[in-house]
2 protein chains.
Amino acid sequence: MSLRHAVLGLLTNRPASGYDLMKLFETSLAHVWSATQSQVYGELGKLADGGLVEVSAEGPRGRKEYAITEAGRSELHRWLTEVEPVRTRRSDSLLRVFFLGELTRVEAKTYLLTEAERSAQQLAGLKEAESAIDWGDDPISVHGRLALEYGKRLSAMHEEWARWAAEQLAP
Amino acid sequence: MSLRHAVLGLLTNRPASGYDLMKLFETSLAHVWSATQSQVYGELGKLADGGLVEVSAEGPRGRKEYAITEAGRSELHRWLTEVEPVRTRRSDSLLRVFFLGELTRVEAKTYLLTEAERSAQQLAGLKEAESAIDWGDDPISVHGRLALEYGKRLSAMHEEWARWAAEQLAP
DNA sequence: CAACTCATGTAAATGGTTACATGATTCG
DNA sequence: CGAATCATGTAACCATTTACATGAGTTG
């Protein structure tokens, strides 16, 4: 149930509409938590029903801006401090590695080297984002930078591993 | 739809019952792809309906052993070579990092250092598994070792990052 | 005024989790 | 003979994705 806490967390920074939140999911939270438009609007409705957020302003085109309530903030705190993070690891790209024996050596190597290449590109993208983003000093920017560093380290590790793995395949 | 390919992939090694597959998901594929008992039995039924697997033997207690068919093998090959891996990254523990500003410095540091500790333990667990496992020379063991190395590198990276991040928090 | 962006919502389908339900065989 | 393990399945619920549906305001 992290979607609901992602929404609550984003709203701690400033009030936002469903549309605004969508953009945050696509930018700041890309690589960390994805959400679709229907999920966001649906969750905002449920959070409002539960009193964890409230409509703080209405704008043109039916825009509804939501703000987190005290109850919402307290629920977020409870989640952060008392709920064990869910670690359901699922990696499509790593699952495939188990079954590389079904491929020829060339196909398997191609798979791993493509993985390496993609990681390298991802790392480049993250570095570019890092310098392009106008980092604020709000809490989410500060901690978002920690997460971005994680992404950089992960991409680098992934690339190195994939190149290593490609070399392990019998020649 | 990787569950179905995970099942097909496991069956390339040898025929297996739903019960056998469950154990494989809990051991070899733990950390890579998780599946529940209902999923496995359900998927085996659908795969059999589609002709991608077939019942190859029946045993005591209603045991049904499934084997992959030629159609199944070809579908697995298609998935490995033609289908782009799905990368929907979702990490509960990293999502929390964005919202550490809601916590006190002590709480936030505790969170990160607990993450570091868990990663260290995970690395230890993987190293132990590595030496305890009776590695066969079947293709899944060979490639499973590559995946295990990935897990080791990931745990080590995660631990280092979490310790680094804890130090970045304003003193 | 056309194209684009902003903006919200619902419906159907799929994928995944939890809980329920049952029973046979083996091992100590 | 009791406990553990082997073995299969269904039902209800929750989370996620994809597709549909609509329209207001802004910008060139």
Side-chain angles (χ1 to χ4, degrees), chain A residues 1-8 10-11 15-27 29-30 32-50 53-66 79 83-92 95, chain B residues 1-8 10-11 15-27 29-30 32-50 53-66 79 83-92 95:
Chain A
M1 267 232 306
S2 299
L3 170 69
R4 93 170 345 201
H5 298 102
V7 169
L8 286 173
L10 290 171
L11 289 177
S17 66
Y19 192 84
D20 295 338
L21 291 173
M22 275 305 301
K23 280 185 297 183
L24 291 170
F25 274 102
E26 283 159 17
T27 55
L29 295 192
V32 175
W33 203 270
S34 63
T36 59
Q37 187 243 41
S38 8
Q39 269 186 300
V40 170
Y41 287 109
E43 196 61 49
L44 280 170
K46 285 183 234 161
L47 285 166
D49 288 349
V53 305
E54 63 192 6
V55 175
S56 57
E58 306 207 15
R61 284 168 288 204
R63 175 189 171 91
K64 283 188 275 182
E65 204 171 72
Y66 292 87
W79 175 70
V83 182
E84 260 292 282
V86 175
R87 332 176 167 276
T88 326
R89 196 182 298 251
R90 276 209 176 95
S91 164
D92 186 338
L95 176 62
Chain B
M1 268 234 304
S2 299
L3 170 69
R4 96 172 340 205
H5 298 103
V7 169
L8 285 174
L10 289 172
L11 290 177
S17 66
Y19 192 85
D20 295 338
L21 290 172
M22 275 305 301
K23 280 185 295 181
L24 291 170
F25 274 102
E26 282 159 18
T27 55
L29 295 191
V32 174
W33 204 271
S34 63
T36 60
Q37 187 243 44
S38 5
Q39 270 186 300
V40 171
Y41 286 110
E43 197 61 48
L44 279 171
K46 285 183 236 162
L47 285 167
D49 288 349
V53 305
E54 62 191 7
V55 175
S56 57
E58 305 206 17
R61 283 167 290 205
R63 174 187 171 94
K64 282 187 276 182
E65 205 170 72
Y66 293 87
W79 175 71
V83 181
E84 258 293 280
V86 174
R87 336 175 165 275
T88 327
R89 196 184 296 254
R90 276 208 177 95
S91 164
D92 186 338
L95 177 61

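Letters go in sequence order (proteins before strands), and every chain restarts at 1.
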Q: Nearest whole angstrom, please: distance from the C1' of C:dC6 to the CD of A:Glu26.
A: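 Rounding to the nearest Å, CD of A:Glu26 and C1' of C:dC6 are 13 Å apart.
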
Q: Does the pair B:Leu24 and B:Leu29 meet the rule for a side-chain contact (heavy atoms from CB on, under 4.5 Å), with working shown?
A: CA-CA 6 Å; B:Leu24 291 170; B:Leu29 295 191; 5.8 Å; no

Q: To the nearest 0.5 Å, what is the distance between OH (A:Tyr66) and CD (A:Glu43)?
A: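 Here the rounded value is 11.5 Å.
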
Q: Considering non-hydrogen atoms only, spot the tightest contact between B:Ser2 and A:Asp92 and give its length.
A: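 Of all heavy-atom pairs spanning B:Ser2 and A:Asp92, the closest is OG-OD2, 3.4 Å.
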
Q: A:Met22 has an atom CE; how far is it from atom C1' of C:dC6, in whole Å?
A: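 So the two atoms are 13 Å apart, to the nearest Å.
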
Q: Just how far, in rounded Å, is C1' of C:dG16 from CG of A:Asp92?
A: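 The distance from CG of A:Asp92 to C1' of C:dG16 comes to 16 Å, rounded to the nearest Å.
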
Q: Toward the 5' end of DNA chain D, which comes first, B:Arg90 or B:Gly18, by nearest nucleotide?
A: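 In this pair, the answer is B:Gly18.
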
Q: For B:Thr88, which contact category applies under a 4.0 Å heavy-atom criterion: base, sugar-phosphate, or nothing?
A: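 Sugar-phosphate: the residue B:Thr88, judged by heavy atoms under 4.0 Å, touches backbone atoms but no base.
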
Q: Quickly work out the B:Gln39 CD to C:dT14 C1' distance and round it to whole Å.
A: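 So the CD-C1' distance, B:Gln39 to C:dT14, works out to 11 Å.
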
Q: Could you list where the contact with chain B starts and ends along DNA chain D, reading 5' to 3', using a 4.0 Å heavy-atom cut-off?
A: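 Here the contact window of chain B covers D:dT5 to D:dT17.
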
Q: Hey, what do you get for CG (B:Leu3) to CD (B:Gln39), rounding to the nearest 0.5 Å?
A: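 Those atoms lie 5.0 Å apart.
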
Q: Heavy atoms under 4.0 Å, any strand shown: does A:Ser38 hit a base, just sugar-phosphate, or nothing?
A: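 It contacts base atoms.
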
Q: Nearest whole angstrom, please: distance from the C1' of C:dT17 to the CZ of A:Arg89.
A: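 Roughly 20 Å, once rounded to whole Å.
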
Q: Does a side chain donor of either B:Arg89 or A:Ser34 reach within less than 3.5 Å of an acceptor in the other side chain?
A: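 No, because no side-chain N or O of B:Arg89 sits under 3.5 Å from a partner of the opposite role on A:Ser34.
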
Q: Counting only heavy atoms and a strict 4.0 angstrom limit, can you tell me which residues of residues 56-66 of chain A come near DNA chain C?
A: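 Those residues are A:Arg61, A:Gly62, A:Arg63, A:Lys64.
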
Q: Within this structure, what is the OG1-CZ distance for the pair B:Thr88 and A:Arg90, rounded to the nearest 0.5 Å?
A: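 Going from OG1 on B:Thr88 over to CZ on A:Arg90, the span is 11.0 Å.
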
Q: Starting from C1' on C:dA19, measure out to OH on B:Tyr41 and report it in whole angstrom.
A: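 Computing the B:Tyr41:OH to C:dA19:C1' distance gives 16 Å.
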
Q: Using five base pairs at each end, measure the axis-to-axis angle across the helix from C:dC1-D:dG28 to C:dG28-D:dC1 and round it to 10 degrees.
A: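 Rounded value for the end-axis angle: 30°.
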
Q: Quick check: does any side chain N or O of B:Asp49 sit under 3.5 Å from a backbone N or O of B:Lys46, one acting as donor and the other as acceptor?
A: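 The answer is no, because no donor-acceptor pair under 3.5 Å joins these two groups.
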
Q: With rounding to the nearest 0.5 angstrom, report the CG to NZ distance, A:Leu10 to A:Lys23.
A: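 The CG atom of A:Leu10 sits 13.0 Å away from the NZ atom of A:Lys23.
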
Q: Does A:Ser17 use its side chain to pair, donor to acceptor, with the backbone of A:Asp20 at less than 3.5 Å?
A: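 Yes; judged by distance alone, with no hydrogens or angles, the pair exists.
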
Q: Checking A:Thr36 against A:Phe25 for the side-chain contact (heavy atoms from CB on, under 4.5 Å) test, could you report, in this order, the C-alpha distance in whole Å, the side-chain angles of both residues, the deciding distance, and whether it holds?
A: CA-CA 9 Å; A:Thr36 59; A:Phe25 274 102; over 6 Å; no

Q: Have a look at B:Arg4 and say if it touches a base, only the backbone sugar-phosphate, or nothing, with a 4.0 Å heavy-atom cut-off.
A: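 Touches nothing.
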
Q: Measure the CD-CG distance between A:Glu65 and A:Leu21 for me, rounded to the nearest 0.5 Å.
A: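 Interatomic distance, A:Glu65 CD to A:Leu21 CG, rounded to 0.5 Å: 10.0 Å.
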
